[in-house]
Amino acid sequence: MDLFAKVIVDVPTMQTNQPYDYYIPTAYQDQIVPGMRVEVPFGKGSRKVQGFVVNIVDQPAFEGELKKITDVMDLYPVLNEELLQLGKEMADKTFSFQITCYQTMLPAALKSTYEKKIRLIDEIPEDHFFDLFKGKNEISWQEAEDRGVLPKMAELKKKEAVETVYIVKDKVNKKKIRKIEPRLSFEQLEEEKAGLRKTAKKQKQLLDVLQQLSLSKKRSSTEALKKDYAIQSASVREAEKKGWLRIVEEEVYRDPFEHIDFERTKPLPLTSAQQKAFEAIHHAVNEQRDDVFLLKGVTGSGKTEIYLQTIAAVLEKKQTALMLVPEIALTPQMVKSFKGRFGDEVAVLHSGLSVGEKYDEWRKIEREEAKVVVGARSSIFAPVKNIGVIIIDEEHESSYKQSENPRYHARDAAIWRGKYHSCPVILGSATPSLESRARAQKKVYQLLELPERVNKKALPLVKVVDMRQEMKEGNRSSFSIPLQDGIRDRIKKGEQIVLLLNRRGYSSFVMCRDCGFVLPCPNCDISLTLHMDTRTMKCHYCGHEEAIPHQCPVCHSPKIRYYGTGTQKVQEELEAVFPDARVIRMDVDTTRKKGAHEKLLTAFGNQEADILLGTQMIAKGLDFPNITLVGVLNADTALGLPDFRSSEKTFQLLTQVSGRAGRADLIGEVVVQTFNPEHYAVQFAQKHDYDHFYQMEMNVRHQGNYPPYYFTVSITASHEEERIAARKMQEIIHFLLPHLQKDTIVLGPTPKAIARVNKKYYYQILIKYKYEPMLKPMLHQLLNQSQKEISKGLQIAIDSEPMDFI
DNA sequence: AGCACGCCGACT
DNA sequence: GTCGGCGTGCTC
């Protein structure tokens, strides 16, 4: 029977975002399974592209003539039924292409690279042969183009002396070995045996092996033949010529045997609160319920131990576990705690691995050698089977949402997979996102709380320093007097200090240095952003624009200026104030090199420095007992951002760094420097009071019609010419507005903060809605209609539930 | 994306 | 008259 494959091709456009039918050559019929990658000819020139087989049918839907699959790229499917389905739904939900989703779900090594070559197929004059082909019989298209010989090649093509060939390659070289398989049936082999001379012992032996293989339907490696029967490759080649067997190359797994012995740890006794939370989750695991738990517990309350014991319970049931942590929290310590408990059953996927290493780790999971997967965002697509629990630690982290296409949220994918496998999902955080906390309120998620630290230790004392006051008293440095005193004190005692510089919102808004006033938009209750290109203050939501103020409208101080400082500058300042202090700086500049991050942290852990100065990246996974003082140099830069999540982000950051101080037997102290000491995010963080912050922030979101009260979608249009982007945005609004519900709010269009990025102008709208069943189909329609313009350099990005608006 | 088909300007 | 510009539309 003829079989046909439905293939998603690697051509990321809206028009080609659908399966194409291909004829499966008989030779591949037993081989091809949905989820495998294949090479197919596509388009007029039948250039070869990579494709994913999504289905196999015995009747093609396409009426025209079908092309054939030209090669099978995998031995086993790289995507299973589950992931094929998830990818398809994700494409629909995130307004992206199926091919992009499938590629995102796989290690980069499996994305194909393409090569175009010109090959000689007929005799050409000798001089041409040398100056065009350099005496070879094929050259790359790129080389021909670079040497300017394409026109000549076109001539030869017309004469059918050359052809263009396309080569599809994997990014990494898979290790392959040569294997033999019989080409004749058992009986035919028997006949061959009868025809042999009596002295041809080796050949008889080979035929015996082939007969065995014929019965077992297996292959044997040429290496094994040599080893077990002393059959040399020459005999094999001979046999191949006689047509007894064929030689095939088969991929073998690389051996990633790196047995680093981790010190094994044992489960710790649980506190009663931990026990209660653990039991609730354990029940769901046992009963295979797809419940979503929100595990809320302050730093040090023992969330990790609950994860570990839940995973242990899942492994006991012969199931697997998937755990996501933010990329920056994927530290050696973190890995150690998992490998320490579960040993080699743990696979870790992180950005520090090379493409090949990531692929090997992925293979290890795929062939079910690893039962526990720990990794960042994209690990949610790890090919684990029979999942028993999915854990997302630090669930509030915005890095779980991918900021490029497909703009998926790992949390959504986790819940999807939880449903598919009928297993619980645990969202853990000390400061849950408002969305998740609100869902717990509505009993969509089950709230589990760990109110106390395991060691019953009090949370560190948080001192809020009013920087306006410091300014008034003539202190113009980045360090307030209380912070300076604290630093001096710790250095004297030989204790360590962490200083955090909040880079968020660096230099993009103006604030009064005397009273902390930040210029708000008269229409939107959100601060205005400084646009240096136009020298104006702009509102990102409504487009309101005004001049940059020269004095504070409230206190009339002339010290109103843009706010923000770099780590390097702070380091210099620090060294001037404390010439004897040893400082380690950690920011993008000092951690760019691979492994630098860990090296710096290890050095700090070994007490080679007194002060660790850094940006956001030091807020996480930093667990040194000797740190007794944490200073936040500028707590409120995020507060000045025109983002409705800025209070939430500030609260989360402050709470997070507070957790870094004094975790051992030393009492910790936190000094928070701010120009907004009375801001509720700062106030509630000082008191470690999430619940009241949550209530307050919910009110604010309710007032401003923001999530979780509204759903949001942002649409961005960009083009090299500003008016084209702006006009398209207008067009989009005109297209959408008539069909939207009365209570739906459309903000914009407004130009983006950095209006021109990569020579492109950006315009954006934000749609806030409660119920818009037609919005998704309309946005899909919009993308379809805009195809022509998109091919002319216009870009349209649709982001459902965007994380930021800057 | 990339290739071919198709309809208007400066050339042998 | 033709060669070739790149606008338009399709790819199983």
Side-chain angles (χ1 to χ4, degrees), chain A residues 2-26 28-29 32 34 36-73 84 88 91 95-104 111-119 140-145 148-160 162-169 171 404-406 718-721 724 783-797:
Chain A
D2 285 345
L3 288 176
F4 305 90
K6 301 231 172 248
V7 177
I8 298 289
V9 293
D10 183 11
V11 183
T13 65
M14 213 60 212
Q15 301 101 300
T16 51
N17 189 30
Q18 46 162 347
Y20 283 83
D21 290 352
Y22 281 89
Y23 179 75
I24 304 177
T26 359
Y28 295 143
Q29 282 200 359
I32 294 185
M36 279 184 183
R37 296 169 308 142
V38 290
E39 182 192 284
V40 290
F42 192 73
K44 296 278 166 65
S46 278
R47 75 196 158 100
K48 302 284 196 297
V49 296
Q50 186 196 56
F52 286 87
V53 176
V54 290
N55 207 353
I56 289 169
V57 291
D58 50 22
Q59 199 67 55
F62 185 68
E63 312 233 308
E65 206 165 312
L66 298 186
K67 291 181 181 173
K68 286 182 190 155
I69 288 177
T70 44
D71 200 6
V72 186
M73 301 178 71
L84 281 172
K88 195 178 167 193
F95 306 96
S96 51
F97 311 119
Q98 281 182 63
I99 188 71
T100 322
C101 291
Y102 290 146
Q103 282 169 347
T104 307
K111 193 176 156 159
S112 285
T113 53
Y114 299 103
E115 221 180 314
K116 193 175 167 188
K117 287 185 168 182
I118 300 167
R119 182 183 290 165
S140 76
W141 182 278
Q142 193 59 50
E143 196 187 336
E145 192 170 22
V149 295
L150 277 182
K152 280 193 180 137
M153 290 293 185
E155 259 170 59
L156 291 172
K157 199 176 174 184
K158 257 188 197 158
K159 292 181 201 155
E160 293 184 353
V162 300
E163 63 175 353
T164 42
V165 287
Y166 304 86
I167 294 154
V168 182
K169 273 199 294 198
K171 271 213 176 111
E404 299 124 54
N405 277 330
S718 60
H719 195 272
E720 285 192 23
E721 277 184 69
I724 292 181
L783 286 177
N784 280 319
Q785 283 170 3
S786 311
Q787 279 167 39
K788 266 185 213 157
E789 294 142 284
I790 287 168
S791 66
K792 276 186 231 155
L794 181 88
Q795 278 179 18
I796 297 175

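Atom set for the values below is all heavy atoms of this structure, side chains included, hydrogens, waters and symmetry mates excluded. Chain letters run A, B, ... following the sequence lines, proteins first, then strands; residues in each count from 1. Nothing here was measured: the structure is a model prediction, and the numbers come from that model.
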Distance (rounded to the nearest 0.5 Å) between [X] [atom1] and [Y] [atom2]:
X	Y	atom1	atom2	value
A:R37	A:S112	CZ	OG	5.5 Å
A:I8	A:I99	CD1	CD1	7.0 Å
A:F42	A:R47	CZ	CZ	7.0 Å

Q: Side-chain contact test, heavy atoms from C-beta onward, threshold under 4.5 Å: evaluate it for A:E115 versus A:K169 and give yes or no.
A: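 In contact.
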**Q.** Within-4.5 Å side-chain heavy-atom neighbours: A:I56 and A:K6
**A.**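 A:I56 does not reach A:K6 side chain to side chain.
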**Q.** Sugar-phosphate, base or nothing in reach of A:Y166, heavy atoms under 4.0 Å
**A.** sugar-phosphate
Q: With heavy atoms under 4.0 Å as the rule, sort A:K6 into base, sugar-phosphate or nothing.
A: nothing
Q) 5' to 3' on DNA chain B, which nucleotides open and close the contacts with chain A (atom under 4.0 Å from a heavy atom)? A)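 The contact span of chain A on DNA chain B goes from B:dA1 to B:dA4.
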(Q) Applying side chain to side chain donor-acceptor pair (under 3.5 Å), can you list everything that pairs with A:T100, at least two apart in sequence or on another chain? (A)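 In terms of side chain to side chain donor-acceptor pair (under 3.5 Å), with neighbours along the sequence ignored, A:T100 is linked to no residue.
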Q | side chain to side chain donor-acceptor pair (under 3.5 Å) between A:S46 and A:K67, intermediate numbers included | A | CA-CA 9 Å; A:S46 278; A:K67 291 181 181 173; 2.9 Å; yes
Q: Taking atom NZ of A:K88 as the centre, report whether more than 12 heavy atoms of other residues, nucleotides or ligands fall under 6.0 Å from it.
A: no
Polar-atom pairs under 3.5 Å, protein N or O versus N or O of nucleotides 10-12 of chain C: list them with distances, or write none.
unit_1	atom_1	unit_2	atom_2	d
C:dT11	O3'	A:G43	N	3.2
C:dC12	OP1	A:Y22	OH	3.4
C:dC12	OP2	A:K67	NZ	2.3
C:dC12	O3'	A:D21	O	2.7
C:dC12	O3'	A:K67	N	2.7
C:dC12	O2	A:D21	N	2.6

